[in-house]
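Data block below; observations after.
Source: prediction; values computed, not measured.
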Amino acid sequence: MPKEYRTISEVAGPLMLVRGVDNVAYNELGEIELTNGEKRRCRVLEVDGTNVLVQLFEASTGINLSDSKVRFLGHQMELGVSEDMLGRVFDGLGRPVDGGSSIIPEKRMDINGTPMNPAARSYPQEFIQTGVSAIDGLNTLVRGQKLPVFSASGLPHAELAAQIARQAKVKGTDDSFAVVFAAMGITFEESDYFVKSFRETGAIDRTVMFSNLANDPAIERIATPKMAMTAAEYLAFDKGMHVLVIMTDITNYADALREVSAARKEVPGRRGYPGYMYTDLASIYERAGRQNGKNGSITLIPILSMPEDDKTHPIPDLTGYITEGQIILSRDLHRRGITPPIDVLPSLSRLKDKGIGVGKTREDHSNTMNQLFSAYARGKECKELMIILGEAALTDVDRLYADFAVAFEEKYISQGNETDRSIEETLDIGWELLSMLPRSELRRISDEYLDRYYIEKQVE
């Protein structure tokens, strides 16, 4: 039986100081018992001799300093895992909130995980089909990759997250595929939207969902992504599944981190965020990947809303350093009704070349991707020139490029939140659009593919 302490001396926001404690370790889990028998969880943040600073996972309201008891449990925070987690909805601390019974765990895992040895990593190279053309065709997601979505307040990143979670699949394999969905600091309406969306399409059967609501304690938010990664590690490396982890919104997680840091009176870094935020984010993101000798994999899509649409804000800035690219949503495209409003030119998937081509997508993928980027960039320039100088100042070819840019946004990027396109459909739409331009303009595509695809389109 763990030793009990009645030596709580101070409570300040989410933090509590307990004196006269022995044999307690950093990150150890604790339990506070109130006078009415209610129990609340906490974890050790700092040990200074016999004084221990703990972080509360629930509200501090009602804690009587003289009568409440604290006991330390001798282990760090753990998640009970089993395949029965699939199809279930949990709160940010791993407790069922869908009305179902508690999980009977196959094993209990420390939510902090263990770092993956870089030498034990396999290189990401298999294509994951999300069904979203702007990602599959131009910023391809590869199994084991970390590809964040940079959004902003008011943009439909929740709808895009739900669409990817519903549609994602590993092409050309019969291996089991699962989605772990972690929502942090979202409203009840958003949480309800995700659950209903997954249930209506049947995607809930292969999904484990962790939902931390905006009115839940901010401290719970810090544990939520670690819970999600722990569930993903179990499904991927113990059960051999391909796991896609989607986290929204990392900004809410970072704000919770800042709140605890401020309560501890730590020296703030950029914009008030703690100086160790880079390390903290890396400790989550770097748990994704593939391991040598294991069939399963973890692919991660963290979604974050950039405060004030600022790409240089510490959260997107640090996330960009750790991950392999970014998908950027555009407010301008959203205003014009393009759904999903993915701005393909500043978006980037650093591993896209590894997941496309013969045997993965199609042999013409690389050529058409480069040509579409080039044509769209020139088309946008021509549209800007048209605004400044008038349409009469453009050459006939420039007008074709301007028309191409409009058609590209309306037919290729904009597909709605319900359309699931195969990679073949995406590539065919690309060829249909490129056929608007003279063959002599398509200098980034080899003659072999032009003969096979471009001429066929013209004949039609």
Using the side-chain hydrogen bond (donor to acceptor under 3.5 Å, both in side chains) rule, collect all pairs that involve residues 339-358, keeping only residues at least two apart or in two chains.
Gln145-Ser349
Kindly determine whether Arg19 and Thr7 satisfy side-chain hydrogen bond (donor to acceptor under 3.5 Å, both in side chains), including the steps that lead there.
CA-CA 5 Å; Arg19 298 187 185 278; Thr7 51; over 6 Å; no
Please, which pairs that meet salt bridge (Lys or Arg N to Asp or Glu O under 4.0 Å) have at least one residue in residues 256-273, sequence neighbours excluded?
Glu46-Arg264, Asp255-Arg258, Arg264-Glu266, Arg270-Asp317, Arg271-Asp310
With a 4.0 Å cut-off, would you call Glu38 and Arg40 a salt bridge?
yes
Looking at Val344, Ile164, Leu147, which hits side-chain contact (heavy atoms from CB on, under 4.5 Å) with Ile327?
Leu147
Just to verify, what does Phe181 make a ring-ring contact (aromatic ring centres under 6.0 Å, His included) with, not counting sequence neighbours?
Phe194, Phe198
Main-chain N/O of Ile356 paired with Thr361 side-chain donor or acceptor, under 3.5 Å:
no
Applying salt bridge (Lys or Arg N to Asp or Glu O under 4.0 Å) as the test, list every pair that has at least one member in residues 135-153; sequence neighbours left out.
Glu126-Arg143, Lys146-Glu286, Lys146-Glu324
Stepwise side-chain hydrogen bond (donor to acceptor under 3.5 Å, both in side chains) check, Arg206 with Ser176
CA-CA 9 Å; Arg206 62 167 190 174; Ser176 307; over 6 Å; no
For the pair Ser191 (side chain) and Thr187 (backbone), establish whether a donor and an acceptor sit closer than 3.5 Å, ignoring hydrogens and angles.
no
Kindly determine whether Met184 and Phe210 satisfy side chain to side chain contact (heavy atoms under 4.5 Å, CB included), including the steps that lead there.
CA-CA 8 Å; Met184 292 159 281; Phe210 294 89; over 6 Å; no
Looking at residues at least two apart in the chain, or sitting in another chain, which of them share a ring-ring contact (aromatic ring centres under 6.0 Å, His included) with Tyr412?
Phe408
side-chain contact (heavy atoms from CB on, under 4.5 Å) test vs Arg331 passes for just one of Ser153, Pro341, Ser151, namely Ser153
Sequence neighbours excluded, which residues qualify as ring-ring contact (aromatic ring centres under 6.0 Å, His included) partners of Phe127?
none
Residues forming a salt bridge (Lys or Arg N to Asp or Glu O under 4.0 Å) with Arg108, sequence neighbours excluded
Glu78
Is the side chain of Asn212 donor-acceptor paired with the backbone N or O of Gly92 at a distance under 3.5 Å, no angle test?
no
Going by an N to O cut-off under 4.0 Å, is there a salt bridge joining Asp84 and Arg88?
no
Side-chain touch Ile298/Glu233, heavy atoms, less than 4.5 angstrom
yes
Show your reasoning for whether side-chain hydrogen bond (donor to acceptor under 3.5 Å, both in side chains) applies to Glu409 and Tyr376.
CA-CA 9 Å; Glu409 289 173 355; Tyr376 180 51; 2.6 Å; yes
Which residues satisfy the side chain to side chain donor-acceptor pair (under 3.5 Å) test with Ser305, sequence neighbours excluded?
Asp249
Can you confirm whether the side chains of Glu159 and Tyr193 place a donor and an acceptor under 3.5 Å from each other?
no
Please name all residues satisfying ring-ring contact (aromatic ring centres under 6.0 Å, His included) with His313, sequence neighbours left out, ordered by chain then number.
Tyr273
The test is side chain to side chain contact (heavy atoms under 4.5 Å, CB included); show your working for Ile429 and Leu427 and say whether it passes.
CA-CA 5 Å; Ile429 293 168; Leu427 292 169; over 6 Å; no
Gln163 side chain to Thr419 backbone, donor-acceptor under 3.5 Å:
yes
Is it the case that the side chain of Gln129 and the backbone of Ile423 share a donor-acceptor pair, with hydrogens and angles ignored and the cut-off at 3.5 Å?
yes
Residues forming a salt bridge (Lys or Arg N to Asp or Glu O under 4.0 Å) with Glu308, sequence neighbours excluded
none
Side chain to side chain donor-acceptor pair (under 3.5 Å) filter on Tyr5, not counting sequence neighbours, yields Asp22
Determine, stepwise, if the pair Ile32 / Lys69 fulfils side chain to side chain contact (heavy atoms under 4.5 Å, CB included).
CA-CA 6 Å; Ile32 305 153; Lys69 295 180 285 191; over 6 Å; no
Check ion pair Arg166-Asp420 (N to O, under 4.0 angstrom)
no
Is Asn51 reaching over with its side chain to a backbone N or O of Val47, donor-acceptor style, under 3.5 angstrom?
no
Between Arg290 and Tyr123 (side chain of the first, backbone of the second, donor and acceptor by atom type, cut-off under 3.5 Å), is there such a pair?
yes
Under a 3.5 Å distance rule, please check whether Ser374 uses its side chain to pair with a backbone N or O of Asn370 as donor and acceptor.
no
Do the side chain of Glu28 and the main chain of Gly74 share a donor and acceptor less than 3.5 angstrom apart?
yes
Would a distance-only check, ignoring hydrogens and angles, find a side-chain to backbone donor-acceptor pair under 3.5 Å from Glu33 to Gly37?
no
Determine, step by step, whether Thr207 and Asp205 satisfy the side-chain hydrogen bond (donor to acceptor under 3.5 Å, both in side chains) criterion, reporting the C-alpha distance in whole Å, the side-chain angles of both residues, the deciding distance to 0.1 Å, and the verdict.
CA-CA 6 Å; Thr207 303; Asp205 295 336; over 6 Å; no
For Lys411, the salt bridge (Lys or Arg N to Asp or Glu O under 4.0 Å) test, sequence neighbours excluded, returns none
